[in-house]
Amino acid sequence: MTHETPETAPVRAAGCVLWRPAPSGRGIEIALVHRPKYDDWSHPKGKRKPGESAGECAVREVLEETGQSCALGVRLPTVRYPVAGRPKEVVYWAARALGGSFVPGREVDRLCWLPPEAARARLSQARDRELLEALLSALAH
């Protein structure tokens with residue numbers, strides 16, 4: 001049995017692949033956030049607070065980073081990767097945007113809504129492109 005210490009315990013986080021029907025009425029758009037600290041484009045996500053469920057965290061992070069309230073849909077794959085020598089585990093959901101307005105901040109300075117093909121090209125990490133594919137597959141079924 002492995003004993004987790006604060007240094008080896010995974011950083012637990014949650015997020016969403018946020019989507020909305022395209023204003024044109026054809027297809028969907030995906031929300032991507034730009035984080036100036038990393039100069040990358042990704043899905044909204046963040047660390048869980050003590051006592052917070054993964055679902056609560058995902059909804060809170062979407063609101064904080066995009067200004068959108070959302071409805072969680074199907075669970076998407078959990079993503080695991082190292083950050084500064086520690087494992088990070090991010091639980092993701094598909095989430096439909098319900099409305100709101102974006103306010104740029106220190107952590108996220110830009111938000112864009114893109115059709116899936118453009119979102120795929122803009123995403124910085126391969127793991128985020130895989131999550132987009134998982135969303136598209138879930139919405140198709």
Side-chain angles (χ1 to χ4, degrees), residues 1-24 26-141:
M1 189 163 124
T2 307
H3 180 68
E4 287 184 357
T5 65
E7 296 80 34
T8 62
V11 174
R12 298 192 195 286
C16 294
V17 179
L18 186 65
W19 67 276
R20 69 181 182 191
S24 68
R26 292 190 307 276
I28 63 168
E29 292 180 332
I30 308 296
L32 300 183
V33 296
H34 180 262
R35 301 179 304 165
K37 179 178 177 180
Y38 303 104
D39 189 25
D40 71 350
W41 288 94
S42 63
H43 303 295
K45 67 181 175 300
K47 293 184 190 112
R48 286 169 61 177
K49 293 182 175 177
E52 185 177 50
S53 73
E56 290 166 340
C57 174
V59 169
R60 177 182 54 77
E61 286 291 338
V62 165
L63 184 60
E64 287 178 5
E65 294 191 355
T66 70
Q68 294 284 314
S69 55
C70 69
L72 295 183
V74 299
R75 273 281 301 272
L76 298 175
T78 296
V79 177
R80 294 172 180 87
Y81 55 96
V83 174
R86 280 184 68 190
K88 185 168 186 174
E89 186 175 275
V90 189
V91 179
Y92 279 96
W93 278 266
R96 183 174 177 155
L98 300 176
S101 59
F102 175 69
V103 177
R106 187 176 52 80
E107 283 187 43
V108 172
D109 63 351
R110 287 184 278 167
L111 168 72
C112 67
W113 288 96
L114 298 170
E117 284 302 317
R120 185 178 294 113
R122 176 82 53 102
L123 284 163
S124 301
Q125 297 289 332
R127 62 181 170 254
D128 287 333
R129 288 188 287 277
E130 290 167 10
L131 287 164
L132 174 58
E133 297 309 318
L135 169 80
L136 295 174
S137 177
L139 292 177
H141 291 92

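Since the structure is predicted, the reported quantities are computational estimates derived from the model, not experimental observations.
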Side chains of L132 and L123: closer than 4.5 Å at any heavy-atom pair? yes
Side chain to side chain, W93 and V59, heavy atoms closer than 4.5 Å: no
Nearest 0.5 Å please: distance from the [atom1] atom of [X] over to the [atom2] atom of [Y].
{"X": "L98", "Y": "L18", "atom1": "CG", "atom2": "CG", "value": "8.5 Å"}
{"X": "L131", "Y": "C16", "atom1": "CG", "atom2": "SG", "value": "10.5 Å"}
{"X": "W41", "Y": "R35", "atom1": "CH2", "atom2": "CZ", "value": "12.0 Å"}
{"X": "K45", "Y": "C57", "atom1": "NZ", "atom2": "SG", "value": "11.5 Å"}
{"X": "E89", "Y": "R12", "atom1": "CD", "atom2": "CZ", "value": "5.0 Å"}

Give the C-alpha distance, both sets of side-chain angles, the deciding distance and a yes or no for side chain to side chain contact (heavy atoms under 4.5 Å, CB included) between D39 and H34. CA-CA 7 Å; D39 189 25; H34 180 262; 2.8 Å; yes
Parallel, tilted or perpendicular: rings of H43 and Y92 (30°, 60°): perpendicular
Quick one: which residue pairs count as a salt bridge (charged side-chain N to carboxylate O under 4.0 Å, His left out) with a foot in residues 122-141, not counting sequence neighbours? R120-E133
Between T78 and V91, is there a donor-acceptor pair closer than 3.5 Å when you use the side chain of the first and the backbone of the second? no
Check: A9 main-chain N/O paired with R86 side-chain donor or acceptor under 3.5 Å: yes
Ignoring hydrogens, what is the shortest heavy-atom contact between [X] and [Y]? Give both atom names and the distance.
{"X": "A94", "Y": "L135", "value": "CB-CD1, 3.3 Å"}
{"X": "R96", "Y": "P21", "value": "NH2-CG, 3.2 Å"}
{"X": "A13", "Y": "K88", "value": "CB-CE, 4.0 Å"}

What residues form a salt bridge (Lys or Arg N to Asp or Glu O under 4.0 Å) with E64, not counting sequence neighbours? R60
What residues form a salt bridge (Lys or Arg N to Asp or Glu O under 4.0 Å) with R20, not counting sequence neighbours?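 Here the qualifying residues are E29.
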